[in-house]
Each structure stands twice: as structure tokens, then as C-alpha cells.
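This report concerns only the one structure given below.
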Amino acid sequence: MNKQKFEYSVAIRTLGTAGDMYRKELESLHNQTVKPRHIFVFLAEGYKRPDFQVGMEEYVPVHKGLVHQRAASLQGVDTEYLLILDDDIYFPDDAVEKLYDAMTAQGADCIAPETFDNVGMSHFKKLGYYMANGVYARKDDNWAIKIQRNGTFSFNGNPKDKGVYLTQSFPGTACLCKTEAFRAIHYEHELWIDQFPAGTFGEDQIMSYKLHKNGYKVLMAHGTGILHLDAGTNNVHNKTYRKIKYRALSYYMTWYRTCYDLDGNSGREKALCALAFSWRFALGSFTRVLFSIAKFHPKHLVAFVHGTLKGMAFAHGNEYKSLNNFILNK
């Protein structure tokens with residue numbers, strides 16, 4: 001495709017509360033070497049529209065929810081490409097053009113910048129991630145992120161500077177996607193997630209892995225200069241019982257939906273997935289025992305077990321059983 005004919009729309013989900021970070025995002029979009037045709041902002045109903053207008057952004061009120069707002073991204077879009085964003089991302093002036101060049105060079109359907117520095121974490125933090133969640137670094141095998149049978153991910157521990165890799169998942173903060181590929185995965189089938197508290201569910205992993213598992217080629221680009229301006233992580237010391245419980249539920253349901261309960265899985269594959277999750281649960285429980293002892297309070301362990309049991313119950317309930325399978329029939 002001739003670069004001059006490259007056209008894309010932007011879809012941003014927001015509560016309208018990101019303030020200056022949101023303004024910086026809009027300004028950086030308007031400064032792109034290839035400018036968007038349209039910017040749609042999917043504002044949760046009941047929230048106030050920001051009191052500034054940077055340019056062409058058009059506000060669309062939608063039902064509140066991370067998946068509701070993201071699934072709405074296709075409304076009004078008539079371009080071949082769609083840039084899907086949160087409301088706190090900064091783009092260097094040529095960033096979208098470079099994402100497009102990398103995606104088309106490899107014949108991919110979607111590309112995302114690495115906006116969370118897994119590689120740069122301290123050794124102590126990496127150990128904590130593994131003990132609590134089963135996340136670990138791999139040697140460079142020409143993949144960025146891989147989803148494991150236990151539902152968590154491993155990441156490339158030594159990526160090339162500005163390397164572009166195949167990936168099975170990516171942070172949901174930003175991605176450039178072929179509009180038809182995003183439409184084809186029917187993200188609206190995942191609206192069930194929004195009944196759980198926002199911020200407890202890894203819905204970005206479900207979106208990106210759904211692209212991969214349904215046959216679309218997905219890339220991750222390192223060293224793009226694209227920044228997540230509010231890239232803080234949750235502090236475990238400040239987590240309430242409720243948040244810990246629903247995070248554990250999300251671990252179970254993400255594993256069940258994307259790894260275990262897939263059309264075509266053999267009995268052997270399901271057994272291997274179950275064994276992998278059992279180890280993840282055992283390791284996570286041990287870690288939370290230690291943390292509960294250190295804090296002189298059992299909430300971390302009790303909430304973790306409680307949430308896992310609630311996930312099991314939900315997976316065997318009528319609501320979940322009525323969902324379309326994660327692997328779609330084309």
C-alpha cells in the first residue's frame with residue numbers, strides 16, 4: 001500500500017478524568033506525520049466531557065466498562081486501520097507511521113508498542129512477579145510475549161533494541177489494528193467481564209490473545225518512544241480484600257476462557273492446562289501465606305482462595321456456559 005493512502009481512525013476509551021495526560025495524547029496525535037482521519041472518544045455515560053477541545057475529536061457516550069468502551073471502538077469507523085488507545089498515551093511525531101511500516105513489512109494484522117518495561121524490572125521484582133503470578137522472563141526466541149498453559153505470560157528477557165517481535169499478547173494501552181481483524185474477533189462477546197470491578201481483570205490479555213488464537217498475526221514493537229504516561233502499578237500493600245478476591249477470580253477465568261475451555265482442546269491438553277494452573281495456584285498461595293504472616297493478617301491468602309473458588313463457580317454457571325467459545329468459527 002502506498003503510504004500516502006494509509007488512513008486510520010483513532011478510538012479512545014475514557015472516563016474524562018485523565019486531565020493533562022489526555023491533552024498531551026490528543027496533541028501528539030494531531031502532530032503525527034500521518035494524521036488520523038477521525039478521532040472517536042468513547043466517554044462513559046454519566047461522566048463529564050473534558051472542558052477542552054484539541055481538534056477533531058468526537059465524543060460518543062457509551063455504557064461504562066473497559067470492555068463496553070473498547071468494543072464500541074468500531075462505531076463510525078470506515079478506515080482500513082484503527083488505532084485503539086487508553087487516554088494517557090504519548091506518541092512521538094512519527095510513531096504511528098513507524099508502527100504501520102513495521103506491521104505492513106511483516107504482513108501483520110495488529111501491532112502494539114511495549115509500554116510496560118518488564119525487562120527493566122529489578123531482579124527482586126521479577127522474583128515477586130513469578131512467585132505471586134507465575135510471570136517470568138525467557139531467553140530471546142523471536143517472540144515478545146507468550147501465554148502459558150497456566151494462563152499467565154512469559155516475556156522476552158533480552159529483546160533487541162527497537163526490535164519488532166511476534167507476540168501472543170500485549171498491554172492494552174495502545175495498538176494499531178486492521179479494522180476488519182478487530183471486528184472479526186467479536187470483542188463484544190467478552191462483555192461479561194464488565195460485571196467485575198474495573199482494574200481487577202486482565203481484559204487486555206483477553207483481547208490480544210483472542211486475535212492470536214483466532215489466526216491473526218500480532219506484533220510487539222520495542223523502543224518506539226510511545227509512553228504510557230500513567231504507567232503506575234497497583235501497590236499490593238494497599239489492596240483491599242475485595243480487590244484481591246476479584247483479581248484471583250480474574251486469574252482463574254482468564255485461564256479457563258483462553259487456555260482450558262477451547263474448542264478443539266484434547267483431553268490431554270486440558271489435563272496439562274489444569275496441572276499448570278494447579279502449580280500456579282499452589283505457588284501463589286504459598287506466596288500469600290508468607291505475605292499474610294509478614295502483615296499479621298490473613299486477608300491476602302483468604303481472599304486469594306475465595307476469589308479462585310468464585311471463579312470456578314462462575315465458569316460452571318449458566319451465564320458463562322451461554323457465551324460463544326473463545327475460538328470463533330469463521
Side-chain angles (χ1 to χ4, degrees), residues 8-19 21-26 28-29 36-54 56-79 81-91 110 112-113 115-116 169-211 226 228-232 234 243 246-247 250 253-254 257-258 323-324 326:
Y8 66 101
S9 299
V10 178
I12 302 171
R13 65 179 175 189
T14 187
L15 299 179
T17 57
M21 291 182 293
Y22 174 54
R23 183 196 294 271
K24 288 178 180 177
E25 174 176 291
L26 292 174
S28 71
L29 289 171
R37 180 194 285 184
H38 208 108
I39 298 176
F40 298 98
V41 183
F42 296 95
L43 179 67
E45 292 173 343
Y47 285 79
K48 183 180 178 182
R49 174 176 169 168
D51 58 5
F52 55 83
Q53 182 87 14
V54 173
M56 68 177 79
E57 58 269 23
E58 175 183 342
Y59 287 85
V60 182
V62 295
H63 187 77
K64 181 185 177 183
L66 293 174
V67 179
H68 278 84
Q69 290 172 257
R70 182 121 296 166
S73 296
L74 293 165
Q75 293 184 28
V77 173
D78 60 358
T79 51
Y81 296 90
L82 179 62
L83 183 64
I84 302 172
L85 302 176
D86 284 346
D87 60 2
D88 51 6
I89 312 300
Y90 167 79
F91 287 83
C110 187
T115 54
F116 185 84
S169 185
F170 54 75
T173 51
C175 66
L176 179 66
C177 195
K178 288 184 179 178
T179 303
E180 285 306 310
F182 185 61
R183 181 175 285 114
I185 66 168
H186 290 285
Y187 198 46
E188 69 276 8
H189 291 173
E190 312 306 326
L191 292 175
W192 60 274
I193 292 172
D194 280 345
Q195 67 187 277
F196 303 113
T200 61
F201 221 103
E203 48 81 33
D204 50 353
Q205 177 174 315
I206 287 182
M207 184 187 85
S208 50
Y209 196 46
K210 195 169 191 180
L211 281 163
I226 298 171
H228 184 195
L229 299 175
D230 188 28
N234 291 328
K243 286 184 178 180
Y246 281 111
R247 175 63 78 177
S250 82
M253 284 307 307
T254 299
R257 179 129 178 92
T258 66
L323 299 178
N324 296 83
F326 197 68

Full working for side-chain contact (heavy atoms from CB on, under 4.5 Å) between Phe201 and Gln195: CA-CA 10 Å; Phe201 221 103; Gln195 67 187 277; over 6 Å; no
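- A donor-acceptor pair under 3.5 Å is absent between the side-chain atoms of Glu203 and the main chain of Met207, judged by distance alone.
- Under the side chain to side chain contact (heavy atoms under 4.5 Å, CB included) rule, Cys175 has a single partner from Leu85, Asp204, Ile84, which is Ile84.
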Please walk me through it: do Ile12 and Asp86 pass side-chain contact (heavy atoms from CB on, under 4.5 Å)? CA-CA 6 Å; Ile12 302 171; Asp86 284 346; over 6 Å; no
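- The structure places OG1 of Thr14 at 11.0 Å from CD of Glu57, a figure rounded to the nearest 0.5 Å.
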What do the steps show when you test Thr173 against Thr115 for side chain to side chain donor-acceptor pair (under 3.5 Å), and what is the final call? CA-CA 7 Å; Thr173 51; Thr115 54; 2.7 Å; yes
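- Here the closest heavy-atom approach between residue Ser73 and residue Phe42 is recorded as CA-CE1, 3.6 Å.
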Determine, step by step, whether Cys177 and Tyr81 satisfy the side-chain contact (heavy atoms from CB on, under 4.5 Å) criterion, reporting the C-alpha distance in whole Å, the side-chain angles of both residues, the deciding distance to 0.1 Å, and the verdict. CA-CA 6 Å; Cys177 195; Tyr81 296 90; over 6 Å; no
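- At a threshold of 4.0 Å, the pair Arg37-Asp78 counts as salt-bridged, since one of the basic side-chain nitrogens sits closer than that to a carboxylate oxygen.
- Under a 4.0 Å N-O distance rule, the pair Arg13/Asp87 does not qualify as a salt bridge.
- Considering every non-hydrogen atom in both Ile193 and Ile206, the closest pair reads CD1-CD1, 3.6 Å.
- In this structure, OG1 on Thr17 lies 12.5 Å from NZ on Lys48, to the nearest 0.5 angstrom.
- Within a 6.0 Å radius of CZ in Phe52, more than 12 heavy atoms belonging to other residues, nucleotides or ligands are found.
- For Glu190, the salt bridge (Lys or Arg N to Asp or Glu O under 4.0 Å) test picks out Lys210, Arg257, with sequence neighbours left out.
- Judged purely by distance below 3.5 Å, without hydrogens or angles, the side chains of Thr200 and Ser250 never pair a donor atom with an acceptor atom.
- Without hydrogens or angle criteria, Ser208 side chain to Phe170 main chain gives a donor-acceptor distance under 3.5 Å.
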For side-chain contact (heavy atoms from CB on, under 4.5 Å), just list the numbers for Val41 and Glu58, CA-CA rounded to whole Å, side-chain angles, deciding distance to a tenth of an Å, and then say yes or no. CA-CA 6 Å; Val41 183; Glu58 175 183 342; over 6 Å; no
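- When ring centroids are compared, Tyr187 and His189 stay outside the 6.0 Å threshold.
- In plain terms, the two heavy atoms of Val77 and Arg183 that are nearest each other are O-NH2, 4.4 Å.
- Looking at Arg70, its side chain does come within 3.5 Å of a backbone N or O of Gly172 through a donor-acceptor pair.
- Of all heavy-atom pairs between Leu211 and Cys110, the closest is CD1-SG, 4.0 Å.
- Side-chain contact of His228 with Asp88: a donor-acceptor pair under 3.5 Å is present, judged by distance alone.
- Residues Val10 and Tyr8 approach most closely at CG2-CE1, 3.8 Å, considering heavy atoms.
- Leu43 approaches Gly16 most closely through the heavy-atom pair CD1-N, 3.7 Å.
- How far CG of Leu191 is from NE2 of His63: 8.5 Å, rounded to the nearest 0.5 Å.
- With hydrogens and angles disregarded, no donor-acceptor distance shorter than 3.5 Å links the side chain of Gln205 to the backbone of Gly202.
- With Glu25 contributing its side chain and Ile89 its backbone, the two residues share a donor-acceptor pair below 3.5 Å.
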